Amino acid sequence: MTSTESIAAIIVAAGRGARAGAGEPKQYRRVGGEMILSRTLRTFASHPAINRIFTVIHPDDGALFASAVECLAKETHKLMPAVHGAKMRQGSVHLGLQALKATGGTDLVLIHDAARPFVSANLIDRAIAAGRSHDAAIPGVAVTDTIKRIGENGLVVDTPPRDALRAVQTPQAFRFDAILQAHDKANCAGLTQFTDDGALAEWAGLKVFVFEGDMNNTKLTHTDDFAQAERRISGTRTEYVARIGTGFDVHAFTEGDHVWLGGVRVPHDKGVLAHSDGDVVLHALTDALLGAIAEGDIGVLFPPSDPQWKGAASDQFLAEAARRVHARDGIIDHLDVTLLCEKPRLTPYREEMRQRIAGIVGLTIDQVSLKATTTEKLGFTGRSEGLAAQSAATIRLPVQQG
């Protein structure tokens, strides 16, 4: 694709949202005084790379949709006429793709659920970047809970390793011709069970790439989700107390050909001695977040004596620490890390690491600081016997009333 590429978005808003309880369809409910769909559309419409937006709605929701777009006067030139959807999500997306084709198609299309109103411009940027390199690209976040696969009798069949699992989100990015062909193929085969376009693309034979999602990009599904969204949006009216946590981690070098730093594999003439992947940057950040909420440290939550953490990717440790902050309605404001080592050099990988950390925790890259220093040949790091990282995390927690 070139700088003249066309990028369109399909916002899927035709569902009834039965699990959200009684009331209007969830995409038209208000949080913070504004319809959920309005918030979602504004983020896409205000993104400079998005050319056109097709919203797929239920045939009965014309008046509600008109109300949802009333507040988007500045961005309405990107909004195409609403497309009437089908009974199932897969059918609705297919109709949206057909409407897009009827207007000349596009190079890249992003498909997003209307009920994810906290999608960020940063996540859209990542979706576009991944879509430029792959026929199909979907955002995923590390799974922090142990997952069990069970049989019809309720007994556990197996326990898949968490480091190979991702919880999938939207927006998902596709080369337009490829995803339209995949939907056409599924439709001709009479298949309607796909609730995720990435799964449909995989079934159709496309190679599906998973890029870093955003923990804050939650989908509003159940009644409690709306209450949490309301608290989150009204956060500016909530009294907060600032907390600062610090973290430190160290690992000795051993034989190997790489080290993990900030979630990035860095080539090196040594490896590190560790039970997990030994990522000192992510370990220090995990402890900083846990320290800020006074919930122990990484060794308490993920003890090295537990074999399930052997060789584990450290992104899930940091993701769990961030989840614990968010579970208390906390806000992560800034993360700061200093890497202490003689080698490897940080500079070639600094921005990739910042982006990776931001994605794991759900921040923008300007909220992540990453520095490196030597110890002037002093101590174990100066003798190149290992490396260390120290970090600080700044968060806000709601003041407890009562």
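Computed from a predicted model, the values in this text were never measured in an experiment.
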Does the side chain of [X] reach to within under 4.5 Å of the side chain of [Y], using non-hydrogen atoms?
{"X": "L261", "Y": "L387", "result": "yes"}
{"X": "Q98", "Y": "H94", "result": "yes"}
{"X": "L191", "Y": "F194", "result": "yes"}
{"X": "H77", "Y": "R52", "result": "no"}
{"X": "I331", "Y": "I395", "result": "no"}
{"X": "S276", "Y": "F317", "result": "yes"}
{"X": "H84", "Y": "L95", "result": "no"}
{"X": "K219", "Y": "Q169", "result": "no"}

Kindly give the heavy-atom pair with the smallest separation between [X] and [Y], and that separation in Å.
{"X": "A319", "Y": "I360", "answer": "N-CG2, 3.8 Å"}
{"X": "A204", "Y": "A182", "answer": "CB-CB, 3.5 Å"}
{"X": "T40", "Y": "A114", "answer": "OG1-O, 2.8 Å"}
{"X": "A8", "Y": "T106", "answer": "N-OG1, 3.6 Å"}
{"X": "D61", "Y": "Q27", "answer": "OD2-NE2, 4.4 Å"}

Is the backbone of [Y] close enough, under 3.5 Å, to the side chain of [X] for a donor and an acceptor to pair up by distance?
{"X": "T338", "Y": "A372", "answer": "no"}
{"X": "R354", "Y": "S369", "answer": "no"}
{"X": "Q172", "Y": "I111", "answer": "no"}
{"X": "Q390", "Y": "F248", "answer": "no"}
{"X": "T254", "Y": "G271", "answer": "no"}
{"X": "D277", "Y": "S314", "answer": "yes"}
{"X": "S391", "Y": "A288", "answer": "no"}
{"X": "S120", "Y": "L123", "answer": "yes"}
{"X": "K78", "Y": "I50", "answer": "yes"}
{"X": "T103", "Y": "L100", "answer": "yes"}

Hey, what do you get for OG1 (T170) to CD1 (I10), rounding to the nearest 0.5 Å?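 The OG1 atom of T170 sits 12.0 Å away from the CD1 atom of I10.
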Output the distance between atom CE (M215) and atom CD1 (I332), rounded to the nearest 0.5 Å.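 Result: 7.0 Å between the selected atoms.
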Is the closest side-chain donor-acceptor distance between [X] and [Y] under 3.5 Å?
{"X": "H251", "Y": "D279", "answer": "no"}
{"X": "T394", "Y": "H334", "answer": "no"}
{"X": "D306", "Y": "H275", "answer": "no"}
{"X": "D197", "Y": "Q90", "answer": "no"}

Pairing of [X] and [Y] as salt bridge, 4.0 angstrom limit:
{"X": "R166", "Y": "D315", "value": "yes"}
{"X": "E5", "Y": "R132", "value": "yes"}
{"X": "D336", "Y": "K371", "value": "yes"}
{"X": "R42", "Y": "E34", "value": "yes"}
{"X": "R89", "Y": "D113", "value": "yes"}
{"X": "D257", "Y": "R265", "value": "yes"}
{"X": "D107", "Y": "R175", "value": "no"}

Show your reasoning for whether salt bridge (Lys or Arg N to Asp or Glu O under 4.0 Å) applies to D135 and K207. CA-CA 7 Å; D135 285 347; K207 292 184 178 180; over 6 Å; no
Between F211 and H134, ring centroids under 6.0 Å: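 Ring-ring flag for F211/H134: false, centres at least 6.0 Å apart.
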Students often mix this up, so state it plainly: with edges at 30° and 60°, are the rings of H268 and F253 parallel, tilted or perpendicular?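 H268 and F253: tilted rings.
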Could you please spell out the steps behind the salt bridge (Lys or Arg N to Asp or Glu O under 4.0 Å) verdict for K270 and E385? CA-CA 10 Å; K270 296 182 177 66; E385 296 172 357; over 6 Å; no
